[in-house]
Structures are given as C-alpha cells and as structure tokens.
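Just so it is clear, the values below take in all heavy atoms, side chains as well, and ignore hydrogens, waters and symmetry mates. Proteins get letters first, then strands, A, B, ... in listed order; numbering begins at 1 in each.
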Amino acid sequence: MAPKRNYWLIKSEPEVFSIQALRRDGKTHWEGVRNYQARNHLRAMRTGDLVLFYHSNAEPPGVAGVARVCREAYPDSSQFDPRSDYYDSASKPEDPRWSLVDVEFVEELPELVPLDVLKEDERLDGMLVRKRGMRLSVQPVEREHFARVLKLGKGKTKV
DNA sequence: GCCAACGTTGGC
DNA sequence: GCCAACGTTGGC
C-alpha cells in the first residue's frame, strides 16, 4: 500500500506570487515562512503531498489552484542573508530555525473558489481557512475537504 | 512567567 | 484604509 498522502493549504498574495506565476515558473522555493506553527507544517510535508494554492489579500480571496510538494523541508537560506526581507539574525547556520519546501505547479482551477463560498459550503465545516482571524499561512487540510474544494473549482487533479 | 506593547496578517 | 485577531518581544 502506498504511503498516506497528506493535504495542505498555502497562502500567497497574488501580487507577490500567484498561481499564474507558479505555472510560468513550473516550481518554486516556498521561502519566507517565519511562524513556528507554519514551519512545523512545512516540515511535515512529504513529496507528492497536494497543496491548495490560496490567494490572500486578493479580490476576492480564495483557492486559485493546486500545487504538489516536490522537495521536502530543508533550510531556508534567506534567513542567513542580511539583505533579505526574511533575514533572521538569531538563526545560526549550525541550527537553522526556518525551513522551506519546493512545490511544483499542478493546475490552475477553472473557477477560483472564493472564501465566501468556502464558508457557505456545509461540506467544508471545520476547514481551518474559514475560521475568523486565521492567519496561519500553511495549514493542513482534510482529504475530503481537499476533494470538495477541487470539485467546487472543477479541478481535474486526482486526489 | 506574566502581560503590555508592538508588529503583522488579511478580510472587509 | 481600517481594524480585529494573533504572534512575538521585552521589561519587570
């Protein structure tokens, strides 16, 4: 039996990096996570895990596409670069504080699934992104919720 | 270890 | 642009 695949949601501001940018680039280093809970989720990701790509600070905010983990967590080099916005002077190379994963493009959903649709759908009860004040930028998603979001966006990814 | 102050996120 | 919610920092 194949190892259990896990499902996730990652947030990105489309003006900074959108699902269209991921399609253009093919894959990317998911750098800049500077929150411990989000980092721990990154470290729990396994190659092949599928990820909902969520556009935050967008009009409207919502799930725009799907990505796949293509390299598991390793140190985020931007934490050691004093010129980087993500520089962390307290992080030591011998014990890196922050990790990143690489993700690759899977698909852009034919229809963006807006946050208000996520909130209205009773089959998505309990989904973290619906919670008020939920700022976590890397979230676990239940398989059933993942499949439902794909259906709402008419995604073709096989779950 | 408490908690006020501060900075950031992100919906609206 | 506003501001609620949240995480982090630092004085004590």
Side-chain angles (χ1 to χ4, degrees), chain A residues 6-25 27-45 49-69 73-103 105-142 144-146 148-155:
Chain A
N6 288 310
Y7 301 88
W8 310 92
L9 178 148
I10 57 179
K11 296 180 186 174
S12 184
E13 300 191 23
E15 291 198 3
V16 178
F17 193 79
S18 65
I19 188 70
Q20 292 81 16
L22 182 60
R23 180 176 54 198
R24 178 196 65 211
D25 296 348
K27 64 177 182 174
T28 193
H29 308 299
W30 203 257
E31 69 173 10
V33 168
R34 294 294 181 270
N35 168 283
Y36 288 104
Q37 205 177 345
R39 180 205 67 181
N40 292 343
H41 290 317
L42 288 180
R43 289 180 176 177
M45 289 181 176
D49 283 0
L50 291 172
V51 181
L52 296 173
F53 196 108
Y54 181 89
H55 283 174
S56 61
N57 261 321
E59 187 49 53
V63 175
V66 180
R68 184 189 297 112
V69 177
Y74 59 103
D76 181 346
S77 60
S78 67
Q79 69 195 302
F80 304 124
D81 179 1
R83 292 161 302 175
S84 170
D85 289 343
Y86 303 127
Y87 179 58
D88 181 353
S89 61
S91 182
K92 299 294 167 238
E94 61 272 21
D95 184 23
R97 181 178 288 181
W98 305 112
S99 300
L100 56 72
V101 298
D102 292 355
V103 298
F105 177 79
V106 175
E107 70 167 326
E108 179 178 355
L109 294 180
E111 296 176 26
L112 181 126
V113 185
L115 180 59
D116 57 6
V117 171
L118 297 176
K119 285 183 172 176
E120 284 165 7
D121 193 306
E122 64 182 19
R123 296 174 69 165
L124 296 176
D125 283 354
M127 199 176 175
L128 287 175
V129 74
R130 310 196 332 171
K131 289 178 71 175
R132 189 166 126 89
M134 171 50 69
R135 302 189 311 178
L136 189 61
S137 61
V138 182
Q139 305 174 4
V141 173
E142 291 173 26
E144 293 73 20
H145 290 165
F146 193 100
R148 178 62 177 166
V149 172
L150 279 184
K151 191 167 186 181
L152 291 170
K154 297 182 169 51

Discussion item. What I want to check is whether the side chains of A/His29 and A/Tyr74 have a donor and an acceptor closer together than 3.5 Å.
Written reply: yes
Discussion item. On DNA chain C, compare the nucleotides closest to A/Asn35 and A/Asn57; which residue's is nearer the 5' end?
Written reply: A/Asn57
Determine all donor-acceptor pairs shorter than 3.5 Å in which one atom belongs to a side chain in residues 51-64 of chain A; sequence neighbours excluded.
{"from": "A/His55", "atom 1": "NE2", "to": "A/Ile19", "atom 2": "N", "distance (Å)": "3.1"}
{"from": "A/Asn57", "atom 1": "ND2", "to": "A/Glu13", "atom 2": "OE2", "distance (Å)": "3.2"}

Practice prompt. Give the first and the last nucleotide of DNA chain B, reading 5' to 3', that has any atom under 4.0 Å from a heavy atom of chain A.
Written response: B/dG7 to B/dC12
Worksheet item: What pairs with A/Tyr7 under ring-ring contact (aromatic ring centres under 6.0 Å, His included), at least two apart in sequence or on another chain?
Response: A/Phe146
Worksheet entry | Carboxylate-amine/guanidinium proximity below 4.0 Å for A/Arg97 and A/Asp76 | no
Worksheet item: For A/Lys119, which contact category applies under a 4.0 Å heavy-atom criterion: base, sugar-phosphate, or nothing?
Response: sugar-phosphate
Item to complete: Can you label the angle between the A/Phe17 ring and the A/Trp30 ring as parallel, tilted or perpendicular, going by 30° and 60°?
Response: perpendicular
